[in-house]
Amino acid sequence: MLRRVDVCIYGGTPAGCAAAVAARQEGASVVLVEPSRWLGGMLGAGLGPAQDCPMPDAVGGMTRNVVFGFGDWPPRARKGFAAWLDREGVPVLFDHRVQEVQAEAARIGTVRFGHAPFDGCGVPAPGFSSEGSHVVEAKIFIDASYEGDLMAQSGVSYRVGRESTDAFGEPLAGVGEPTNWTPIDPYLDPGQPESGLLVGVDPDHGLAQGSADGYTQAYNFRFSVTTDARRRVPFGRPRRYRCEEYELVGRYVQHLVQEHGDDQDELARRLVGIFPGWLNEGDYNYQRASLVTIAPLGESRHYQDAGWDERSAIWRHHIEYLRGLHYFMSTDLRVPEFFRVRTAELGLDRAMYPDTEGWPHQLYVRVARRMRGRYTLTHQDVTDQFTVDDSVGLALYGVDVYPVRRYACRGSDYDSPQIGVATEGNMFIGGSNGTGRPFQVPYRAITPQRDECVNLLVPVSLSATHVAYAATRMEPVFSVLGESSGVAAAHCVQEDHDVQDLDIPKLQERLQTRGQVISWPELPTDGSSPIVAARSIPVADGRAR
């Protein structure tokens with residue numbers, strides 16, 4: 001089936017929904033294509049709309065006036081997004097994802113979206129069904145997905161993993177220092193390196209601190225649990241459960257019992273860090289202060305640039321790992337009895353996700369591909385060392401990077417240089433308030449290079465370094481950039497412009513009329529950023545934009 005529209009938006013994330021509504025309001029015909037059966041992305045899968053917005057005054061437009069009103073309860077947020085798009089007359093094609101892109105002379109002509117429905121636990125299919133594909137022809141495309149698949153298949157270049165410190169002059173970039181180092185033996189047979197490493201422990205890749213690598217921060221589900229029998233869905237024992245795959249957990253539990261056994265409250269707090277994790281406004285999240293927690297750490301590096309066969313397996317592995325972790329913490333005798341009993345009573349909350357047996361339908365893909373756009377946001381932008389004249393929205397958050405790997409290393413900074421296990425990559429610089437001052441996101445950061453694509457906008461997999469993306473990647477920011485993308489797309493259609501040729505002052509005037517906030521008052525003359533580099537690294541001359 002062929003469908004012709006002015007603007008095609010891929011991804012029913014908050015950014016995609018805002019883009020579709022904005023383009024429609026600006027007079028363009030649109031279609032929104034969503035791979036799953038649900039709208040709202042992470043705002044319908046555990047995150048609250050304003051949860052990662054420390055300064056609401058820096059957010060404007062539909063994000064503040066509409067999206068923030070959907071509330072923090074996932075079912076309500078999903079219904080809110082669906083009702084909003086229905087009210088605005090935005091047609092949505094569910095259960096379809098990018099299959100093939102036809103482009104010529106740096107211009108996307110058509111995109112085939114194949115039918116690939118999610119399963120009963122909300123896991124995406126590894127392949128496409130034989131029927132039900134749709135071909136969309138549009139003048140402008142917007143990739144609002146977390147993975148950036150439309151962008152990648154359109155021939156637009158991108159980055160994955162972490163840059164080195166000298167690539168963009170970012171002292172926080174690249175391989176970092178070990179965190180959560182714990183003196184537990186990482187080998188299958190204790191004291192025997194030749195026996196291999198425990199499941200869940202990587203060998204140290206040996207790259208120097210500050211080096212680039214392919215790792216990126218952990219993904220996890222933001223899930224809810226309950227003991228209420230009316231809503232409780234048992235986690236269940238994984239079909240292929242093997243206790244030895246959780247030996248790292250067992251040794252970590254033994255360490256915690258040895259360290260905190262005399263203080264049951266502190267021991268319980270540490271064990272909760274393993275499972276169910278960190279309680280954040282009703283849902284559980286990754287506890288970054290724990291060596292072991294609710295995510296199979298290190299999987300994200302395989303996901304970010306993979307096909308859906310591998311991504312589906314990784315998504316499934318996150319579910320099976322979490323099931324196995326619950327079972328282990330409920331049954332293994334190394335876990336104190338009081339905590340085993342408490343954990344066994346927990347189940348998934350069916351009320352949150354009735355369509356998927358209590359499992360969130362969206363894995364928290366914190367970062368995947370990042371476009372190599374016309375402007376690359378760096379840590380210097382985050383700390384307000386640069387201003388731009390093509391701002392289309394503001395961002396404000398700390399550099400928020402969850403651990404990227406867990407590996408065997410020596411505790412050289414401790415009393416004994418014995419081998420142990422540590423995480424690495426964890427940063428939360430400045431806390432949720434970051435510098436305390438919003439930074440601008442330029443239009444060039446959501447547009448590709450001209451020779452790569454002239455009719456695509458990318459508000460989610462935008463152009464930023466790993467460090468800068470970590471301060472930009474919050475859903476309110478994506479939603480703001482989605483609205484700006486939708487307005488820009490409609491104007492490109494009306495004026496028959498490539499995305500690189502849009503009249504920026506005219507776009508900004510329209511955005512501000514719509515209520516978007518694209519600038520912030522200047523700092524006082526004696527103002528300075530509270531963000532301090534974690535280590536001293538010489539800054540390279542020049543910046544790649």
Please check: side-chain N/O of Ser479 versus main-chain N/O of Glu475, any donor-acceptor pairing under 3.5 Å? no
Note, Arg232 side chain near Arg350 side chain (heavy atom, < 4.5 Å): no
Check for a donor-acceptor pair, side chain of Gln440 on one end and backbone N or O of Leu394 on the other, with a separation under 3.5 Å. no
Compare all side-chain heavy atoms of Phe221 with those of Asp283 and state whether any distance is below 4.5 angstrom. no
Under 3.5 Å, side chain of Thr226 to main-chain N/O of Asp228, donor-acceptor pair present? yes
Could you tell me if Tyr375 and Asp381 have a donor-acceptor pair between their side chains, going purely by distance under 3.5 Å? yes
On a heavy-atom basis, which atom in Ala45 and which in His361 lie closest, and how many Å separate them? CB-CE1, 4.1 Å
Taking the side chain as everything from C-beta on, heavy atoms only, tell me whether His379 gets closer than 4.5 Å to Val399. yes
I'd like to know if the side chain of Glu320 and the backbone of Tyr241 have a donor-acceptor N/O pair within less than 3.5 Å. no
Kindly say whether Arg251 contributes a backbone atom to a donor-acceptor pair with the side chain of His255 at under 3.5 angstrom? no
So do the side chains of Val123 and Trp359 get within less than 4.5 Å of each other, counting heavy atoms only? no
Determine whether the aromatic ring centres of residues Tyr303 and Tyr219 are separated by less than 6.0 angstrom. yes
Give a yes-or-no answer on whether the side chains of Thr376 and Ser463 include a donor-acceptor pair shorter than 3.5 Å. yes
Between Tyr327 and Arg237, is there a side-chain donor-acceptor contact under 3.5 Å, judged purely by atom types and distance? yes
Is Glu163 salt-bridged to Arg370, going by a charged N under 4.0 Å from an acidic O? yes
For a quick check under 3.5 Å, do Tyr284 and Asn220 share a side-chain donor-acceptor pair by atom type? no
Treating Ser224 as the side-chain partner and Asp349 as the backbone partner, does any N or O pair qualify as donor plus acceptor under 3.5 Å? no
Report yes or no: does Asp119 contribute a side-chain atom to a donor-acceptor pair with the main-chain N or O of Gly122 at less than 3.5 Å? yes
Please determine, by modelled atom types, if Asn180 and Thr423 share a side-chain donor-acceptor pair under 3.5 angstrom. yes
Please determine whether a side-chain nitrogen of the Lys or Arg among Glu247 and Arg334 lies less than 4.0 Å from a carboxylate oxygen of the Asp or Glu. yes
May I ask you to say whether Asp400 pairs ionically with Arg288, meaning some side-chain N is under 4.0 Å from a carboxylate O? yes
State, with a plain yes or no, whether a side-chain heavy atom of Gln217 is found less than 4.5 Å away from one of Tyr469. no
Any non-hydrogen side-chain atom of Ile184 less than 4.5 Å from a side-chain atom of Leu291? yes
Sole candidate of Tyr353, Trp315, Phe118, Trp38 that passes side chain to side chain contact (heavy atoms under 4.5 Å, CB included) when paired with Gln362: Trp315
Look at the aromatic rings of Tyr146 and Phe478 and report parallel, tilted or perpendicular, splitting at 30° and 60°. tilted
Is NZ or CZ of Arg76 both nearer than 6.0 Å to the six-membered ring centre of Trp73 and within 45° of the ring axis? no
I'd like to know if the side chain of Asp202 pairs up with that of Tyr215 as donor and acceptor (distance under 3.5 Å, no hydrogens or angles considered). yes
Show the nearest heavy-atom pair for residues Ile419 and Arg410, with the distance to one decimal. N-NH1, 3.7 Å
Asp143 versus Ser145, side-chain donor and acceptor atoms under 3.5 Å: yes
Could you check whether Arg159 pairs with Asp305 (Lys NZ or Arg NE/NH1/NH2 to Asp/Glu carboxylate O, under 4.0 Å)? no
Could you tell me the separation between the CD atom of Gln254 and the CG atom of Asp332, rounded to the nearest 0.5 Å? 8.5 Å
Is a side-chain N or O of Thr13 found less than 3.5 angstrom from the main chain of Gly16, in a donor-acceptor match? yes
Is it true that a side-chain atom of Thr383 and a backbone atom of Gln380 form a donor plus acceptor pair closer than 3.5 Å? yes
Taking Glu424 for its side chain and Gly176 for its backbone only, find out whether a donor-acceptor pair lies under 3.5 Å. yes
Regarding Arg473 and Asp52, does a basic nitrogen lie under 4.0 Å from an acidic carboxylate oxygen? no
Answer whether the closest heavy-atom distance between the side chains of Tyr407 and Pro203 falls below 4.5 Å. no
Asp213 with Arg162: basic N within carboxylate O range, under 4.0 Å: yes
How are the rings of His317 and Tyr321 set relative to one another: parallel (under 30°), tilted (30 to 60°) or perpendicular (over 60°)? perpendicular
Between Thr465 and Glu170, do the side chains contain an N or O donor and an N or O acceptor separated by less than 3.5 Å? yes
Are Asn285 and Tyr402 linked by a side-chain donor-acceptor pair shorter than 3.5 Å? yes
